Amino acid sequence: GHSIIVPFPPEASLSEYKGEISNDLKYEKTFTIPKEFNLDRIIIHFGAVDQIAEVRVNNKIAGKHEGGYLPFSFDITELVDKDGDNYLEVLVKDDLSKDYPYGKQSKNPKGMWYTPVSGIWQTVWLENVPDTYIERLIIKPELDRVKLKIICNQKVDLCRVQIMFSYKENGNLDIVQDKELPFGEG
């Protein structure tokens, strides 16, 4: 295999990739879990991989993701050796399928078409989290309010939230609210 600097796609000179670029790419990396990871779960995050990615850790499938522009993650806690070496393998298929958005990418770029971006093209990182953790936030501004939706990895009956917001009206005003909210209420 040829070496590549991630998160640059093989088509980019910054990747320093010297091999032939085909529709199927294979990334391999040996890694260890940092000693500071003392919480319950270990998550691997991918900023973006174009187009179809299958992630394996120590020869076991962690998960599969389709689509080249959105971030995704997998809980790899049960797949890793916390005290030794781990083997990460990411198998990528990118054939510019019309089943997925691909912008103006072309295998033969000219005119308005540009060189494709294949494989891992955004940052990859590990995160150590407790058993219950926030997977994502959805923030929806409206004219008279802001709605915040907190999505956890599992059902939560009670959530301690600290909300801080500030706005300018005749100077600065900071308001902090700290309270426990039953699940599903705001």
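In this text the structure is predicted, and so the values were computed from the model without any measurement.
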Taking a hydrophobic cluster as the set of Ile, Leu, Val, Met, Phe, Trp and Tyr residues connected by side-chain heavy atoms closer than 4.5 Å, whether directly or through intermediates, do [X] and [Y] fall within one such cluster?
X: Leu137; Y: Val129; result: no
X: Ile76; Y: Ile61; result: no
X: Leu39; Y: Ile43; result: no
X: Val6; Y: Val117; result: no
X: Leu88; Y: Ile52; result: no

Minimum heavy-atom distance between [X] and [Y], given as atom pair plus value:
X: Ile4; Y: Pro9; value: CD1-C, 4.3 Å
X: Leu126; Y: Ile33; value: CD1-CD1, 4.2 Å
X: Ala53; Y: Val90; value: CB-CG1, 4.3 Å
X: Leu70; Y: His65; value: O-NE2, 3.8 Å
X: Pro10; Y: Ser15; value: O-OG, 3.5 Å

Run the side-chain hydrogen bond (donor to acceptor under 3.5 Å, both in side chains) test against [X] and tell me which residues pass, sequence neighbours left out.
X: Asn58; result: Asn86
X: Glu28; result: Tyr87
X: Thr132; result: Gln154

Sorted by chain and number, sequence neighbours left out, salt bridge (charged side-chain N to carboxylate O under 4.0 Å, His left out) with Glu127 holds for none

Residue set satisfying salt bridge (charged side-chain N to carboxylate O under 4.0 Å, His left out) with Lys147, at least two apart, ordered chain then number -> Glu142

Q: Would you list the pairs meeting salt bridge (Lys or Arg N to Asp or Glu O under 4.0 Å) in which at least one residue belongs to residues 69-80, sequence neighbours left out?
A: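 Those involving residues 69-80 are Arg41-Asp75, Arg41-Glu78.
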
Other ILVMFWY residues reachable from [X] by side-chain steps of under 4.5 Å:
X: Trp125; result: none
X: Ile5; result: Phe8, Leu14
X: Leu143; result: none
X: Ile151; result: Ile138

When rounded to the nearest 0.5 angstrom, what distance separates [atom1] in [X] from [atom2] in [Y]?
X: Gln122; Y: Asp50; atom1: CD; atom2: CG; value: 10.5 Å
X: Lys64; Y: Phe72; atom1: NZ; atom2: CZ; value: 12.0 Å
X: Thr77; Y: Lys82; atom1: OG1; atom2: NZ; value: 6.0 Å

Using atom types as modelled and distance alone, determine if a side-chain donor or acceptor of [X] lies under 3.5 Å from a backbone N or O of [Y].
X: Glu11; Y: Ser118; answer: yes
X: Asp131; Y: Asp40; answer: no
X: Asn153; Y: Tyr133; answer: yes

Quiz item: Given Arg56 and Leu91, is the side chain to side chain contact (heavy atoms under 4.5 Å, CB included) satisfied, shown in steps?
Solution: CA-CA 8 Å; Arg56 298 177 184 177; Leu91 305 173; 3.5 Å; yes

Open item on the list: Strictly by side-chain hydrogen bond (donor to acceptor under 3.5 Å, both in side chains), give each pair with a member in residues 17-27 just once, sequence neighbours left out.
Closed with: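 For residues 17-27, and leaving out neighbouring residues, the side-chain hydrogen bond (donor to acceptor under 3.5 Å, both in side chains) pairs sorted by first residue read Asn23-Lys107, Lys26-Glu89.
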
Exercise. Given side chains that start at C-beta, do those of Val80 and Val57 come closer than 4.5 Å, heavy atoms only?
Worked result: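 Heavy-atom side-chain distance check passes, below 4.5 Å.
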
Contacts of Pro71 meeting side chain to side chain contact (heavy atoms under 4.5 Å, CB included) (sequence neighbours excluded), chain-then-number -> none

Quiz item: Between Trp121 and Tyr69, how do the two ring planes meet: parallel, tilted or perpendicular, split at 30° and 60°?
Solution: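 Perpendicular: the ring planes of Trp121 and Tyr69 meet at over 60°.
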
Please identify which of these residues, Val55, Leu25, Val92, meets the side chain to side chain contact (heavy atoms under 4.5 Å, CB included) condition with Val49.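 Only match with Val49 under side chain to side chain contact (heavy atoms under 4.5 Å, CB included): Val92.
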
Report task. Please report the C-alpha distance between Asp81 and Asp83 in whole Å, then the side-chain angles of each, then the deciding distance to 0.1 Å, and finally whether the side chain to side chain contact (heavy atoms under 4.5 Å, CB included) criterion is met. Result -> CA-CA 5 Å; Asp81 178 351; Asp83 300 313; 3.9 Å; yes

